[in-house]
Amino acid sequence: VANILIIDDSMTMRQMVNFTISAAGHKVTEAANADEALQSAQSQRFDLVISDVNMPGRSGIELVAELRKLPDYKFTPILLLTTESQPEMKNKGRAAGATGWIVKPFDPDALLNVLRKVLPAN
Amino acid sequence: MNNPGVIAGGGKKTLAVCAVAVLLPWVWGVWTMPWWASVAAFVLSVVSIVIISRLVAPAPPAPAVQVAAQAPSVPERLDFDVTDTTPPPAAVVSAGNLVALQLLVAQWLEASRQAGDGISSAGRELHEVNQQSEAAAVNIGNSFRSIMDKTGHQMESAVRLLKSDTPAEGGGSSWLSLPDFIKAYEHQLDEVTKRMMDFSQASQEMSKHQDVVRQHSVSIDEMLDELRAMAARIRKLALDSTVAYSEQGNSDSRWFIEIADRIRETSNTAHELTRRIRDGLENIRAVMGNTYEELDKSSGRVRLAAVQAKVDVSQLNITTLEKAREVTRTLEGVNSLGEEIRREINSIIVGMQYQDITQQRLEHIRKLVLEGASASLAGAYERTRHEVLNNPELMPVDVVQRLVESRNRNKDGVAAAPAQAGPGATQSVDIELF
């Protein structure tokens, strides 16, 4: 069971991701923006972070960069889940330190497969 | 707006006044001047009238511009105080103001064209979004309907396991439901238990018969002891008779009779004992026969019960195996339906995401296009209002009056800045003013 943080300004999208991941037995914490996410990330340790890109305030890419500055999240897998699919945006995400890029709408099975790949075996 | 016909009527009156004013000196001097001077003065008067008329008369109106209805003489430029709520004087339009008005109209046209293009683009995108939203809603509805159907099938399959209305393959008796199956096993168990109880009862009967046999055997033992004692007595009697016969000879016949009587008595006793032993043996044989018969009957019943139980249990086992296979098939079906339900739920998740993305796109379109168009119109409104406030002669009196009233209301804080207010507020002001 992994402890997973999901960040999206859309409540519907958060619920969909939460439903998919919770059904697989993982523990999920939700955040509506980057500030809430950083606050949660500093209060507890997450095994995986899934974030939207386009959000009010700091974007998901900026959030990834901020998380990578934290010692606990230097090697934590961080996935970006967004409707954006332009290569330059992906490059920005990769440069910020994101582990993966998933384009919305996501397929629940595909998302769980990605989780299995990026989560530590234990 | 202004009326060229009315303006033309006012010009004739002015021309008539000017003509009278110029021609009056000529009329006064025509009697005293030479004829050539009168003619020259008349020509000059006419020329003066023409010049005056050119100076007084308005320029030809632009095709789309109308001039104010009442156009008395007013200054071309009016310093308009927005705090003054008294209606301004009526205006006339100069050529320069017409150019400014045309520029404003052109700005309005450009703003309207841009807004129209944006709204058309928004309309196309909204149509596309609506199609996607409709498709997503239909997919979600279909998924829910499918889930409901499959859940119903699962319930039916589960309930079928508890009912015995499923006919057996190839006809014949129907497969037992789980409760019926349990009842059948219980019935067979009761049957076997009953047979075992019968067998136990038969064993108890046999035990009683063995007690009787034991009693008979004790009697026979006593009778055999009696026979042994009798044989000893006969042997002793024979020995005594031999001794007496050798001592006394054959002279005393009474003694011989006495011996013979005692032997006869002993013989009768032995005969009686033999008969009783035979009766005892007969009783034992009869009891043993009954015992064996009861035992045989009991064992037969138990054997029959066991055979029947074996047959029934075998049938139940066959039924159980078939039932197990049926349960396996049903559970496989339920599992398959569960997998389909999972896929349908995944489709619903994707559909919900489409709905969410659609909502975000609609919000994006609203911000980019509609607010852009609103801001463009609001800008044109602001520029027009600025021009009108600085050039009140551009507009009819009633429009200027409404503008002043609007400005006064704005000063009271009702709608301070249309460009900064919401789209609806700006639009309402635009609609109200223009």
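Order of the sequence lines sets the chain letters (A, B, ...), proteins ahead of strands, with each chain counted from 1.
Using modelled atom types, one side-chain atom of A:Glu62 and one backbone atom of A:Ser59 make a donor-acceptor pair closer than 3.5 Å.
For A:Phe106, the parts sitting under 4.5 Å from any heavy atom of chain B are the backbone and the side chain alike. With a threshold of 4.5 angstrom between heavy atoms, B:Gln360 approaches chain A through side-chain atoms but not through N, CA, C or O. Residue B:Ile357 touches chain A through its side chain alone, counting heavy-atom pairs closer than 4.5 Å. Heavy atoms of B:Arg343 lying under 4.5 Å from chain A are absent altogether. The parts of A:Asp109 that come within reach of chain B are both its backbone and its side chain, each placing non-hydrogen atoms under 4.5 angstrom from that chain. Using a 4.5 Å cut-off between heavy atoms, B:Asp356 contacts chain A through its side chain alone, with no backbone atom that close.
Within 6.0 Å of the CE atom in B:Met352, the count of heavy atoms belonging to other residues, nucleotides or ligands does not exceed 12. Heavy atoms from other residues, nucleotides or ligands lying under 6.0 Å from NZ of A:Lys92 number 12 at most.
A:Thr99 and A:Pro77 make their closest contact through OG1-CA, 3.2 Å (heavy atoms, listed as atom of the first residue, atom of the second, distance).
We find that B:Glu332 and B:Arg329 are not joined by a salt bridge, their nearest charged nitrogen and carboxylate oxygen being 4.0 Å or further apart.
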